[in-house]
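Heads up, the thing below is written out as structure tokens.
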Amino acid sequence: MGSLARSAGAEVVGTITQQLERPVHTYLGKGKIEELRSLRETFDTVILDDELTPTQQRNLEHGFGDNIKVIDRTALILDIFANRARTREGKLQVELAQHEYLLPRLAGQWSHLERLGGGIGTRGPGETQIETDRRLINRRIQSLKADLNKVRSHRSLQRNRRSANDIPVVALVGYTNAGKSTLFNKVTSAGVLQSSALFATLDPVTRRVKLPSNHLVLMSDTVGFIHKLPPAVVAAFRATLEELQSADLLVHVASASSRNVNEHIAVVEEILNDLGLSAKPSLLVLNKSDLLTEDTNERDWPAGQFVSAITGRGLDKFLCKIDQMLHDEIELPVG
């Protein structure tokens, strides 16, 4: 969560955890809210590591006071996405996800204009403003969906052309910050942004690669996955997901040097399973092997391909393995 916050440009000044037996309407218990209130001179934003319900968010904002901003995990990731999106499709996807996230949370935006009571004569300007905002957001959502359908139709035509040319597609997937883009650049010389920040790559990028057997494949770099991926964010992944659906081989890239590598691999496998992609042929690649302190780690993944996108270690074997797996599945075109 701290890495996500820093990726969005925040300075993390402290972390507070709490274990509750059941969800509460304020998300945090009263004691934790009071504890944070007593420290509010030291921060201006509270970020929660879950998706809050609209009621929980309003109650927390009321509990902390006017000067403290409350952001949940979904809003934080969408903010990072908005900063990372470069293509028109990526920007449309993120804006759509942001609007769909905002829509059920409008009720608390104009509470300072609402009147108490009910019945004739008590309909305040706050309620009118909410209705106006809802209408405008719904209109914008429909416009974004129409624009995205046009863009996706164009992308679908591109995929159909690839299929007609019988060029197989290899898609890189993996936990965010596993080094997918660095590996992609090393193999394709694509010049995709490389960064240690989470979600540095949002928009799918595809390039041709010549395998050791002289056969051609198309390799796609896709956005990284992460633990507790919110539904609104999954919707913004749609371009990536469509690339994965049409891929002939998934290359699951993990960071061999991460102390949480097993958990990261499990998260990605769970997401792929939820997306109905677990039956696709896949190859586990352990990147950043140059950072391993001892070779004994490699015995933990006997089926994995150990590579270093920085030093080039293992890249020849990696491409040969892709060659072999695709040759076993489909007939490859010669470059």
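Reckoned from all heavy atoms, side chains included, excluding hydrogens, waters and symmetry mates. Residues: numbered from 1 along the sequence shown.
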| message | Can a side-chain donor-acceptor contact be found between Ser220 and Thr206 if the only test is distance below 3.5 angstrom? | response | yes
| task | Treat each ILVMFWY residue as a node, draw an edge where side-chain heavy atoms are under 4.5 Å apart, and state whether Val24 and Ile16 are in one component. | result | no
| field | Intermediate values then yes/no, salt bridge (Lys or Arg N to Asp or Glu O under 4.0 Å), Arg105 and Glu100 | value | CA-CA 10 Å; Arg105 289 166 170 78; Glu100 290 180 332; over 6 Å; no
| Of all residues at least two apart in sequence or in a different chain, which pass the side-chain hydrogen bond (donor to acceptor under 3.5 Å, both in side chains) check with Arg140? | Glu95
| said: Are Ile71 and Leu60 connected into the same hydrophobic cluster when the rule is that any two of I, L, V, M, F, W, Y join if their side-chain heavy atoms are below 4.5 Å apart? | reply: no
| task | Kindly write out the residues that satisfy side-chain hydrogen bond (donor to acceptor under 3.5 Å, both in side chains) with Asp72, not counting sequence neighbours, or none if the list is empty. | result | Tyr101
| request: Report yes or no: do Asp290 and Thr311 form a side-chain donor-acceptor pair below 3.5 Å? | output: no
| request: Can you measure from CG (Leu102) to NE2 (His99) and round to the nearest 0.5 angstrom? | output: 7.0 Å
| field | Enclosure of Gln18 CD (heavy-atom neighbours >12, cutoff 6.0 Å) | value | yes
| Contacts of type side-chain hydrogen bond (donor to acceptor under 3.5 Å, both in side chains), residue Thr45, not counting sequence neighbours | none
| query | Going from CG on Leu4 to CD1 on Ile47, what distance comes out if it is rounded to the nearest 0.5 angstrom? | reply | 8.5 Å
| query | Quick one: salt bridge (Lys or Arg N to Asp or Glu O under 4.0 Å) partners of Lys228, sequence neighbours excluded? | reply | Asp49, Asp50
| Whether over 12 other heavy atoms sit under 6.0 Å from Asp316 CG | no
| Would a hydrophobic clustering, with Ile, Leu, Val, Met, Phe, Trp and Tyr connected at side-chain separations under 4.5 Å, put Leu103 with Leu144? | yes
| request: To the nearest 0.5 Å, tell me how far Met1 CE sits from Thr17 OG1. | output: 13.5 Å
| task | May I have all residue pairs that pass ring-ring contact (aromatic ring centres under 6.0 Å, His included) and include part of residues 29-56, sequence neighbours excluded? | result | none
| said: Under 4.0 Å between a side-chain nitrogen and a carboxylate oxygen: does that hold for Lys32 and Glu35? | reply: yes
| said: If hydrophobic clusters are built from ILVMFWY residues whose side chains come within less than 4.5 Å, do Leu20 and Tyr27 share one? | reply: no
| Who passes side-chain contact (heavy atoms from CB on, under 4.5 Å) against Asn59, sequence neighbours left out? | His25, Thr26, Thr55
| note | So CD of Gln56 and CD of Glu51: to nearest 0.5 Å the spacing works out to 10.0 Å
Contacts under 3.5 angstrom, residues 271-281 side chains, donor-acceptor by atom type, not counting sequence neighbours:
residue	atom	partner	partner atom	Å
Asn273	OD1	Ser278	OG	3.2
Lys280	NZ	Gln245	O	3.0
Lys280	NZ	Ala247	O	2.7

| remark: By side-chain contact (heavy atoms from CB on, under 4.5 Å), Glu34 pairs with (sequence neighbours left out) Arg37
With a 3.5 Å cut-off and sequence neighbours excluded, list the donor-acceptor pairs that the side chains of residues 250-270 form with protein atoms.
residue	atom	partner	partner atom	Å
Ser255	OG	Ser257	OG	3.3
Ser258	OG	Asn260	N	3.1

| side-chain contact (heavy atoms from CB on, under 4.5 Å) partners of Glu41, counting only residues at least two apart | none
| remark: Across all chains, not counting sequence neighbours, the side-chain contact (heavy atoms from CB on, under 4.5 Å) partners of Leu315 are Leu183, Lys186, Val307, Phe318
